[in-house]
Amino acid sequence: MSLKIYNTLTRQKEPFVPIKEQEVLMYSCGPTVYNYIHIGNARTFVMADIIRRYLEYSGYKVKFVMNITDIDDKIINEAKDKDLDFSDVTQLYTEGFFEDIAKLGMRMPDAVPRVTEHLDEIINLVQTLILKGYAYESEGSVYYDVGKFAGYGKLSGKNIDDLMSGARVEVNEKKKSPLDFVLWKAVKPGEPSWESLWGNGRPGWHIECSAMCMNHLADQIDIHCGGSDLVFPHHENEIAQSEAATGKLFSKYWIHCGFLNIDNEKMSKSLGNFWLARDVLKKFRPEAVRIFFLQKHYASPLSYSEDNLRDAENAHKRLEMIFNKVQQALDLKETLGGSVGTVAINPDVEQFSKDLDRLEKEFHEAMDDDFNTAAAMGKIFEIFNGLSKITSPKLLNDFSLYVLKRTRDLILEWNEFLGFLNLSKPENVSKKYEKIVDLLLDIRMDLRKRKEWTLSDKIRDGLNEIGIAIEDSPDGTKWKLK
RNA sequence: GGCGACGUAGCCAAGUGGUAAGGCAGGGCUCUGCAAAAGCCCCAUCAACAGUUCGACUCUGUUCGUCGCCUCCA
């Protein structure tokens with residue numbers, strides 16, 4: 001089975017066929033940097049990153065661009081409130097954005113263009129639209145003449161008449177039609193501005209994405225993505241601008257990520273019901289956040305709650321534990337220099353091996369079915385459930401090790417785009433600290449041998465209180481930080 | 001008002017015209033000085049009603065409920 005993608009433009013799932021074979025040009029609308037991103041924003045960015053990396057895993061060469069909008073009303077307002085220059089605001093939150101996406105395990109896009117570095121391209125594009133008759137200048141501003149573009153509304157399924165009748169658009173005498181949107185805003189006193197053919201001003205919202213997309217990718221791209229709230233007007237307007245300017249189809253596929261809801265309402269900065277990604281990440285590990293996202297299809301709304309995050313974190317802990325057991329079994333073989341018993345093939349291991357073939361196939365089918373990560377995660381949990389049964393040291397032999405290694409490698413490959421495990425080295429606990437804990441456990445072991453339970457439990461409870469969990473097992477006592 | 005999405009176990013959530021993945025929580029058991037951890041096992045008939053069908057949770061219609069877009073928003 002090959003990849004299918006739900007395309008907002010056609011309202012159906014379609015086979016994915018890029019414009020150029022094996023090469024994918026992909027653009028995602030990035031943040032407007034007037035604040036840190038919230039966890040709902042993060043969902044969209046993480047899903048775009050996953051799609052990008054899954055495409056790479058599937059063998060495509062992907063060029064992925066995500067813009068940063070670093071000039072707009074909200075930024076100007078934030079700068080005024082804080083009595084800062086607008087560039088101080090954008091610098092702060094741009095850096096914050098990079099920190100957040102790194103923490104979330106996203107890879108940097110191939111390019112992260114900023115609006116303020118693309119004024120020439122934007123002005124040229126606006127000029128092209130004027131020359132082609134799709135835009136007009138009015139008192140130093142330039143507007144897009146929506147009525148001139150025949151395909152207006154094709155992405156969002158709206159038509160101009162409906163939009164007119166239900167118009168909640170502000171009346172503006174400078175515009176021919178209330179639906180016309182601004183490409184270039186004439187400067188207002190005290191606001192940052194740039195020179196243009198129409199006097200000083202700044203770009204409107206929408207035009208920057210068209211300009212930077214064309215500049216960093218091409219007139220025609222394969223995938224354009226963003227949150228569902230961008231379908232109208234942002235993406236609709238991008239299409240109008242880009243296609244009017246080039247006469248070509250702008251993006252072949254449009255992918256939209258569902259909202260993150262909170263208390264059954266869309267999380268949004270304007271409603272004030274949001275959690276900053278960085279604050280969520282203080283409470284929950286990044287892998288838990290990713291699993292939380294992955295367990296629901298990207299296009300559906302997802303409910304944020306600490307309970308849901310906690311569930312995902314518990315699930316992650318179990319995956320991590322089982323993965324570590326597999327890793328330990330494989331390490332053990334290296335310790336033993338490759339010679340482990342040649343016990344007869346265990347039926348459980350054999351069964352798992354068969355299941356794995358099936359689950360691997362089903363995993364790929366799920367991912368190829370419009371990036372159904374929820375179903376794909378189900379397969380991963382099934383694999384881990386099977387794994388937990390066959391990591392017992394008693395079962396180790398050449399066959400089981402072969403199966404474990406194959407599974408481990410598969411998990412590592414999938415983790416590359418899903419990111420449900422953290423494979424970086426655990427935080428270094430200082431050697432002294434380790435030795436002190438080991439010493440205490442050594443003493444406790446002696447006490448236990450003498451059946452001095454009160455004292456030995458005192459050590460256990462004391463350690464537990466300061467965040468060190470003790471587990472007695474037949475192989476000795478283990479400890480870990482909680 | 002226009003357009004769209006959704007309603008699956010205590011919670012989260014896949015999926016399908018032939019009798020429901022997975023996660024969390026919960027229960028039982030094993031191990032164990034106790035505890036913890038881990039392992040094993042158990043845990044739904046798919047909002048309601050009507051219709052199409054040999055057969056529907058899956059198709060059609062109606063009802064109820066929830067949410068989103070149409071204005072800044074990932």
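Each chain gets a letter, A, B and so on, in the order its sequence line appears, and its residues count up from 1.
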Legend entry - Euclidean distance, atom NZ of residue K74(A) to atom C1' of C72(B) [Å, nearest integer]: 5 Å
Inset, instruction - Return the stacking result for A74(B) and F259(A): yes when the ring centres lie under 5.5 Å apart and the planes under 30°, no otherwise. - result: no
Inset, instruction - Quickly work out the H234(A) NE2 to C72(B) P distance and round it to whole Å. - result: 12 Å
Legend entry - Under 4.0 angstrom between N314(A) side-chain N/O and A25(B) OP1 or OP2: yes
Legend entry - Span that lies between the C1' atom of U60(B) and that of C67(B), in whole angstrom: 24 Å
Inset, instruction - For G39(B), take OP1 and OP2 only and decide whether either is under 4.0 Å from a side-chain N or O of S388(A). - result: yes
Inset, instruction - Take the protein atom CD1 of I459(A) and the nucleotide atom C1' of G33(B), then report the distance between them rounded to whole Å. - result: 16 Å
Inset, instruction - Using only side-chain N and O atoms of N385(A), determine if any of them is under 4.0 Å from OP1 or OP2 of G39(B). - result: no
Inset, instruction - Grab the CD-C1' distance between E265(A) and A74(B) for me, whole Å please. - result: 17 Å
Inset, instruction - Sticking with atom P, work out how far U8(B) lies from U45(B), rounded to a whole angstrom. - result: 14 Å
Inset, instruction - Check whether any side-chain nitrogen or oxygen of K296(A) sits under 4.0 Å from OP1 or OP2 of A13(B), and answer yes or no. - result: yes
Inset, instruction - Round to a whole Å and report the spacing from CD of Q295(A) to P of A14(B). - result: 10 Å
Inset, instruction - Compare the minimum distances between each of C70(B), C67(B), G23(B) and the side chain of L163(A), then state the nucleotide with the smallest one. - result: C70(B)
Inset, instruction - Find the distance H316(A):NE2 to C12(B):C1' and express it as a whole number of Å. - result: 18 Å
Inset, instruction - Ignoring backbone atoms, test whether K317(A) places a side-chain nitrogen or oxygen under 4.0 Å from the OP1 or OP2 oxygen of A37(B). - result: no
